[in-house]
Amino acid sequence: MSAPVPILMYHAVGHRPADATYGLSVAPEAFAEQMDLLADRGFTPLTTAALAHAWRTAGALPRRPVLITFDDGYEGVHRHALPVLAEHGFAATLFVSTGWLRGAHGEGGAPDTMLDWDQVRELAGAGTEIGGHSHTHPQLDQLDDERLWSETLRCKEIVTEELGTRPVSFAYPYGYSSRRVRRTVRAAGFTQALAVGNALARRRQGPYALERVTVRRRTGIEEFARLVEGRALGRAFAADRALTQGYAVVRRARRAGRALAGR
Ligand SMILES: [Zn+2]
């Protein structure tokens, strides 16, 4: 039996993220504090590919493995997270929606300032695995077969073209997948994929449905400690579960939160 592993899901890192990304962003100071906690407690961050490989081959894992993952490809990951990761020598994984990134393949529609490909290459050069997160960030389970295939394959081809290496890890936009989506991601050449579940990842979940825990703007350092130790139960946990249903729900919850706070 292999021990469960916390896979942390981050989005934007920034001082003033756009409204649509605010609830799921973290402040640069909070991110630095969280990485300090991982170092202090003896965690060893791994890439997604390294964890999946170890679980596939029953290989050894370091003491206290943890995954640090970023979805979508926000510019703040390069500006604020990269220096902190480099300082600690921490591995991470960035899942990019290729049509959202700035530059040659951009389709627009991104909710905030995104990375350009030079910044993505710099992250890759510093030890961050670059994975796929679709091309235009749709709910993949809602697409017809043809569009599902093109969203997945196009993402893979663009990352391969820009980085010169084939991406092997994938994260489902909004965490949504289905058997058909998982089959398609596998057929496109990805060897593992991450969902959202606000539970620790376990080998028995299978390589295409590994669960992650959400780190939010409001995640305090004590709650963060409980998340990585797998002890985040109760109300905060239930709220996280609700938040991962999608950005629309996040925005509604934030409005409700403000209404409560103003009461
Ligand atoms: Zn996303």
Side-chain angles (χ1 to χ4, degrees), residues 7-14 17-26 31 48 67-78 80-81 92-102 105-117 119-120 123 128-143 147-148 150-156 158-159 167-178 181-182 184-185 188 190 192-198 201 208-217 219 240-254:
I7 304 184
L8 303 170
M9 179 177 70
Y10 289 96
H11 287 80
V13 183
D19 221 34
T21 58
Y22 189 86
L24 284 173
S25 70
V26 296
F31 181 76
T48 304
L67 268 58
I68 302 160
T69 73
F70 302 92
D71 281 11
D72 304 347
Y74 298 101
E75 198 264 350
V77 174
H78 179 271
H80 301 295
T93 311
L94 171 73
F95 293 101
V96 294
S97 286
T98 46
W100 274 6
L101 297 194
R102 287 185 289 135
H105 317 281
E107 308 264 2
D112 206 341
T113 308
M114 308 308 287
L115 296 161
D116 64 28
W117 285 100
Q119 292 169 324
V120 174
L123 280 153
T128 297
E129 178 187 357
I130 310 300
H133 193 49
S134 81
H135 185 58
T136 66
H137 206 278
Q139 298 179 19
L140 293 176
D141 57 335
Q142 302 298 308
L143 305 181
R147 183 131 183 260
L148 170 60
S150 76
E151 278 285 341
T152 313
L153 193 68
R154 190 134 181 243
C155 173
K156 186 191 94 167
I158 292 171
V159 172
V168 293
S169 303
F170 193 87
Y172 308 111
Y174 311 101
Y176 295 142
S177 77
S178 62
V181 170
R182 294 190 287 273
T184 304
V185 165
F190 293 97
Q192 54 275 331
L194 305 183
V196 183
N198 288 311
Y208 291 91
L210 296 174
E211 299 202 356
R212 294 189 284 177
V213 293
T214 309
V215 185
R216 293 169 292 124
R217 193 91 185 171
T219 304
D240 263 346
R241 199 172 271 285
L243 281 175
T244 57
Q245 302 302 312
Y247 292 140
V249 178
V250 172
R251 286 196 294 272
R252 277 203 298 279
R254 279 183 53 220

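For the numbers below, each heavy atom of this structure counts, side chains included, while hydrogens, waters and symmetry mates do not. Both counts, for ligands and for their atoms, begin at 1 and track the order of listing.
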Taking N, O or S atoms only and a limit of 2.8 Å, check whether H133 reaches the Zn ion (ligand 1). yes
With a cut-off of 2.8 Å, does D71 put an N/O/S atom close enough to the Zn ion (ligand 1)? no
Which of the N/O/S atoms in H137 sits closest to the Zn ion (ligand 1)?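 Sorting the N, O and S atoms of H137 by distance to the Zn ion (ligand 1) puts NE2 first.
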Among the N/O/S atoms of D72, which is closest to the Zn ion (ligand 1)? Give the atom name.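 The atom in question is OD1.
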Show your reasoning for whether side chain to side chain contact (heavy atoms under 4.5 Å, CB included) applies to W117 and I158. CA-CA 10 Å; W117 285 100; I158 292 171; 3.6 Å; yes
Test of understanding: with side-chain hydrogen bond (donor to acceptor under 3.5 Å, both in side chains), list the residues that count as partners of S134, not counting sequence neighbours. none
I'd like to check the ring pair (Phe, Tyr, Trp, His ring centres under 6.0 Å) partners of H78; sequence neighbours left out, ordered by chain and number. none
Which word best sums up how the rings of F31 and Y10 line up, parallel for under 30°, tilted for 30 to 60°, or perpendicular for over 60°?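 Taking Y10 first and then F31, their aromatic rings stand perpendicular (interplane angle over 60°).
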